[in-house]
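So the structure is just underneath, and the comments pick up after that.
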Amino acid sequence: MTDLIPLLPDVEAFLEGPLSLRIGGGKIDTAGSIEVTDPSFGTPLCTVAKAGAAEVDLAVAAAAEAYEGPWSSMTPDERSQRIWRLAELVDQRAEIFGQLDALDNGKPFAVARDVDAAYSARHLRYFAGWPSKIEGATIPVSVPDRFNYTRIEPVGVCGLIAPWNYPLLMAVWKIAPALAAGNAIVMKPAEQTPLSALYLADLALEAGLPEGVLNVIPGIGTEAGAALAGHPGVGKIGFTGSTATGRRIVEASMGNLKKVSLELGGKAANIVFADADLEKAVAGAFWALFGNNGQSCTAGARLYVQRPVYDKVVEGLAELAAGVSVGPGMAEAAHDLGPVISERQMQTVTGYIDSGLSEGAECIAGGGRVGAAGYFVAPTILIGVTDTMRAAREEIFGPVLCVLPFDDEAEVIARANDTDYGLAAGLWTQDVTRARVLAERLKAGTIWINCWGETDAASPFGGMKQSGYGREMGADAIALYSQTKSVWVV
Ligand SMILES: NC(=O)C1=CN([C@@H]2O[C@H](COP(=O)(O)OP(=O)(O)OC[C@H]3O[C@@H](n4cnc5c(N)ncnc54)[C@H](O)[C@@H]3O)[C@@H](O)[C@H]2O)C=CC1
Ligand code: BAL
């Protein structure tokens with residue numbers, strides 16, 4: 001029997017609920033509900049209200065009222081102070097957020113607290129600085145006796161749809177810039193992981209955001225998510241999730257031609273050249289995939305290793321895999337990885353392992369489910385993989401690393417780019433010229449050189465090709481949630 005971290009009294013009280021929708025500063029119960037599962041044990045965790053189209057209407061109306069009313073009449077400084085206060089509250093309640101994400105997502109509590117919650121607070125702090133810096137311009141037009149300037153204005157009501165892999169952090173990646181740009185929000189968290197977003201809505205009121213500025217409505221994607229994406233009162237959708245759902249959102253958004261930004265799937269190539277610092281490259285490549293249990297769109301899923309160091313790298317990876325510990329999100333004992341998110345995801349991931357093996361790959365670590373309770377998959381390393389195998393082409397979104405040898409630079413660039421995705425790529429080398437050339441030639445929105453997974457609220461993040469469009473973070477994110485107006489004066 002695993003010893004578990006005791007629930008904080010605040011978490012116990014929060015889970016006792018009711019876990020209602022947060023709309024217009026109030027709590028709204030619904031006829032339908034979502035049964036949230038604890039993936040660490042495969043058992044019921046709690047019941048959460050479920051928004052349908054009617055509740056989406058309510059939430060959009062509440063957001064529109066808050067946008068037209070108190071929120072847009074605040075000065076930039078007043079908005080800044082509230083976003084900053086929300087950041088402080090997230091920091092102060094990091095233990096609570098850590099427990100909530102550990103419970104419904106399954107990631108280790110310490111990671112949820114020290115990474116997800118801490119980065120969320122940092123993100124909010126960065127964007128808290130923006131409201132007073134969103135500037136238009138005076139334009140030197142060639143029309144005599146006319147003065148032309150631009151105003152950068154909010155979109156109005158933004159629908160934000162978040163995934164389950166970083167429940168709080170992905171919500172905040174969208175909420176922070178949308179608020180900073182002056183919008184009101186309807187946020188739909190993933191049905192598997194609604195808890196931290198609901199709790200954040202409560203903190204937003206405590207931070208002084210006017211009622212209705214941040215509405216949080218858990219719901220099923222094809223119901224509440226689709227209704228939000230198609231809603232005529234929503235001016236912008238910010239989405240993170242699968243490429244297939246991204247396409248549906250674009251279709252649904254066509255009714256009122258709303259703005260859309262999409263952060264979608266990936267199958268990142270990570271390239272280890274023979275001249276790399278191998279100790280760093282092996283550990284970096286290992287965690288590039290196994291960090292967050294492979295459930296990251298930036299996971300370094302295709303590891304290309306130059307042939308002279310291939311055996312050494314594979315040996316190092318296998319040693320690291322043997323030392324990895326897995327356990328329930330709330331386990332007392334420190335551990336590296338939790339379960340995958342759901343039984344369905346576990347079947348998808350193990351299905352990819354089986355497909356790789358049946359196509360001729362060889363497994364040097366892991367290979368399938370661990371235990372009979374909870375959705376644990378052993379960290380799995382496949383060698384003897386070819387570029388055409390399904391495991392090497394499709395997004396697995398779980399702890400499965402495909403290792404592939406290569407001979408020269410031109411070959412590996414072509415192979416790395418031979419994918420429909422383009423979110424991230426990376427390389428390990430001590431040759432600065434090679435690093436510069438690859439950074440230019442790899443077709444991905446983020447390139448990591450001798451590192452992996454670095455992000456910062458100030459640095460743009462997003463995909464090329466079918467990994468989506470729009471850049472979250474930095475000044476680009478403000479642009480995502482704003483629109484430019486041109487004003488002519490005589
Ligand atoms: N880019 C990323 O960070 C993520 C990628 N994925 C990928 O997607 C695969 C499937 O996972 P899912 O949870 O099913 O992804 P998904 O893309 O269906 O779900 C993500 C979010 O979209 C919502 N959604 C689903 N259908 C919708 C619709 N028709 N309209 C509006 N919103 C909708 C969901 O409720 C959730 O909030 C994963 O195996 C992984 O490959 C999943 C989560 C995050
Ligand atoms: N979706 C952004 C963070 C990640 O999945 O890598």
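Heavy atoms only: backbone and side chains are in, while hydrogens, waters and symmetry mates are out. In listed order, ligands and their atoms are each counted from 1.
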Test L228 against V60 for side-chain contact (heavy atoms from CB on, under 4.5 Å), laying out the working first. CA-CA 8 Å; L228 194 57; V60 172; 4.2 Å; yes

E395 and K267: salt bridge (charged side-chain N to carboxylate O under 4.0 Å, His left out), yes or no, with the steps? CA-CA 6 Å; E395 184 176 52; K267 192 74 185 177; over 6 Å; no

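Looking from atom 4 (C) of ligand 2 to the surrounding protein, the closest heavy atom is C297 SG, 3.2 Å. In terms of protein heavy-atom proximity, atom 1 (N) of ligand 2 is nearest to E263 OE2, 2.7 Å. What sits closest to atom 6 (O) of ligand 2 on the protein, heavy atoms only, is T298 OG1, 2.7 Å.
Inclusion of N165 in the set of residues having an N or O under 3.5 Å from an N or O of ligand 2 is warranted. For T240, no nitrogen or oxygen atom sits less than 3.5 Å from a nitrogen or oxygen atom of ligand 1, counting backbone and side chain alike.
Around atom 28 (C) of ligand 1, the closest heavy atom drawn from G221, A299, P194 belongs to G221. When S342, A226, S242, S467 are ranked by how near their heavy atoms come to atom 30 (N) of ligand 1, first place goes to A226.
Within the structure, ligand 1 has Q345 among the residues with a heavy atom less than 4.0 angstrom away. Residue A229 places every heavy atom at 4.0 Å or more from ligand 1.
Each of V412, D387, I413, V272 was scored for a side chain to side chain contact (heavy atoms under 4.5 Å, CB included) with F406, with one residue passing: V412.
Numbered from 1 in the order shown, with element, the atoms of ligand 1 that lie under 4.0 Å from a heavy atom of G225 read 30 (N), 31 (C), 32 (N).
Within 6.0 Å of NZ on K443 lie no more than 12 heavy atoms contributed by other residues, nucleotides or ligands.
Here R393 does not pair with D420 in a salt bridge; the nearest charged N to carboxylate O distance is not below 4.0 Å.
Aromatic rings from Y166 and W173 are positioned such that their centres are separated by 6.0 Å or more. Taking the six-membered ring wherever Trp is involved, the centroid distance between the rings of H123 and F127 falls below 6.0 Å.
For atom 19 (O) of ligand 1, the nearest protein heavy atom lies 4.0 Å or farther away.
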